[in-house]
Amino acid sequence: MAVKTIEDLFIHELSDAYSAEKQMTRSLPKMARAAQDPQLAEAFERHLEETQNQVLRIDQLAEQTGIKLKRIKCVAMEGLIEEGKDLIDEIDKGPVLDAALIGAAQKVEHYEIASYTALILMAKQLGLAEAEQLLGETLAEEKATDEKLGQLAAAAKVDEALRAA
């Protein structure tokens with residue numbers, strides 16, 4: 001698809017986000033199984049439910065606006081997921097892998113936050129208020145997940161320091 005207008009770009013980026021979310025629905029269960037910390041595993045499982053709803057939200061947005069999503073693969077998300085898979089393969093299950101999983105998940109969240117922020121700005125330019133609202137819901141969830149991951153990372157460092165003392 002040749003991208004020549006903001007509308008073309010919006011459709012391309014929305015299709016890319018859709019691909020990213022679909023890829024995450026396959027990756028999050030693996031991350032949950034790899035986590036040793038039960039709170040971290042639970043956070044990944046909760047985010048899987050959110051991610052499934054985010055996919056449905058994009059479907060809803062496309063239906064409401066009459067947008068036909070393109071069949072593309074988000075190569076950025078593919079790379080981030082591959083990095084996470086490599087960590088799972090290379091690090092023994094335990095606190096170090098948990099820390100690595102948190103870092104990998106935060107990279108994903110930051111990518112998604114940037115993507116949804118750009119999509120919201122484009123939706124605003126295109127006068128797509130319903131799209132703005134739906135994308136805003138997803139952006140809020142991604143920011144909340146990033147915050148929760150940060151809290152888990154901080155708590156893990158405190159626990160580790162106490163065990164070392």
Side-chain angles (χ1 to χ4, degrees), residues 1-35 37-85 87-88 98 101-153:
M1 167 183 142
V3 175
K4 296 182 180 180
T5 66
I6 292 293
E7 185 176 7
D8 293 344
L9 182 60
F10 180 75
I11 293 168
H12 177 81
E13 292 301 314
L14 186 63
S15 299
D16 193 69
Y18 188 76
S19 169
E21 298 295 4
K22 295 282 270 191
Q23 288 179 60
M24 284 308 299
T25 63
R26 294 185 296 276
S27 179
L28 283 164
K30 295 172 189 169
M31 294 174 77
R33 284 191 302 274
D37 184 299
Q39 287 183 307
L40 181 57
E42 183 184 322
F44 288 141
E45 289 164 6
R46 272 195 321 273
H47 194 54
L48 172 60
E49 290 174 30
E50 276 184 350
T51 302
Q52 291 165 334
N53 287 329
Q54 291 166 354
V55 169
L56 294 174
R57 198 175 290 137
I58 292 174
D59 283 331
Q60 178 186 356
L61 186 162
E63 187 176 317
Q64 285 179 354
T65 58
I67 288 173
K68 184 171 172 24
L69 296 173
K70 306 298 175 193
R71 293 182 143 249
I72 61 175
K73 185 173 213 170
C74 179
V75 294
M77 185 60 73
E78 183 179 39
L80 290 169
I81 289 171
E82 187 62 32
E83 274 188 31
K85 183 184 172 301
L87 294 170
I88 291 169
D98 285 355
L101 289 170
I102 290 169
Q106 284 192 293
K107 286 180 184 180
V108 166
E109 292 311 309
H110 292 192
Y111 174 76
E112 290 178 322
I113 288 166
S115 295
Y116 285 108
T117 299
L119 279 164
I120 289 166
L121 292 172
M122 284 183 263
K124 187 175 195 144
Q125 281 187 319
L126 293 168
L128 300 172
E130 65 278 357
E132 247 186 286
Q133 187 263 327
L134 291 169
L135 294 166
E137 289 176 33
T138 298
L139 178 60
E141 290 170 352
E142 303 296 7
K143 286 179 176 180
T145 297
D146 181 50
E147 179 69 27
K148 175 69 174 170
L149 289 166
Q151 291 169 358
L152 287 171

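In this chain, numbering begins with 1 at the start of the sequence shown. Keep in mind the model is a prediction, meaning the values are calculated, not measured.
- The side-chain hydrogen bond (donor to acceptor under 3.5 Å, both in side chains) test with Q54 singles out one residue from E49, E112, E141, and that residue is E141.
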CA sep, side-chain torsions, deciding dist, call: I72, Y18, side-chain contact (heavy atoms from CB on, under 4.5 Å): CA-CA 9 Å; I72 61 175; Y18 188 76; over 6 Å; no

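- Considering every non-hydrogen atom in both Y111 and L80, the closest pair reads CB-CD1, 3.9 Å.
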Should M77 and M24 be marked as a side-chain contact (heavy atoms from CB on, under 4.5 Å) after you check the CA-CA gap, both sets of side-chain angles, and the distance that decides it? CA-CA 8 Å; M77 185 60 73; M24 284 308 299; 3.6 Å; yes

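- Closest approach of D8 to T5, counting heavy atoms only: N-OG1, 3.0 Å.
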Side-chain donor/acceptor pairs under 3.5 Å, residues 121-134, sequence neighbours excluded:
residue : atom : partner : partner atom : Å
Q133    : NE2  : E137    : OE2          : 2.2

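- Note: Q52 CD to H47 NE2 = 11.0 Å, rounded to the nearest 0.5 Å.
- In terms of modelled atom types and a separation under 3.5 Å, the side chain of E21 and the main chain of V55 share no donor-acceptor contact.
- Here K30 contributes atom NZ and I81 contributes atom CD1; the two are 8.0 Å apart, rounded to the nearest 0.5 Å.
- Contacts of E13 classified as side-chain hydrogen bond (donor to acceptor under 3.5 Å, both in side chains), with partners at least two apart in sequence or in another chain: none.
- With rounding to the nearest 0.5 Å, the separation of NZ in K107 from CG in L149 is 13.5 Å.
- With sequence neighbours excluded, no residue forms a salt bridge (charged side-chain N to carboxylate O under 4.0 Å, His left out) with E82.
- Atom OG1 in T51 sits 11.0 Å away from atom CG in L56 (nearest 0.5 Å).
- For Q23 and S19, the side-chain atoms include at least one donor-acceptor pair closer than 3.5 Å.
- A salt bridge is absent between E50 and R46; no separation between the charged side-chain nitrogens and carboxylate oxygens falls under 4.0 Å.
- Atoms CG and CZ, on L48 and F44 in that order, are 11.5 Å from each other to the nearest 0.5 Å.
- The minimum heavy-atom distance linking G84 with A104 is given by the pair CA-CB, 4.3 Å.
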Derivation and outcome, side-chain contact (heavy atoms from CB on, under 4.5 Å), residues V3 and I11: CA-CA 9 Å; V3 175; I11 293 168; over 6 Å; no

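- When atom types are taken as modelled, the side chain of D98 and the backbone of D37 share a donor-acceptor pair closer than 3.5 angstrom.
- Within a 6.0 Å radius of CD in E78, other residues, nucleotides and ligands contribute more than 12 heavy atoms.
- Annotation: the span from D146 atom CG to I113 atom CD1 amounts to 4.5 Å, rounded to 0.5 Å.
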Could you walk me through whether L101 and L87 pass the side-chain contact (heavy atoms from CB on, under 4.5 Å) check? CA-CA 8 Å; L101 289 170; L87 294 170; 5.5 Å; no

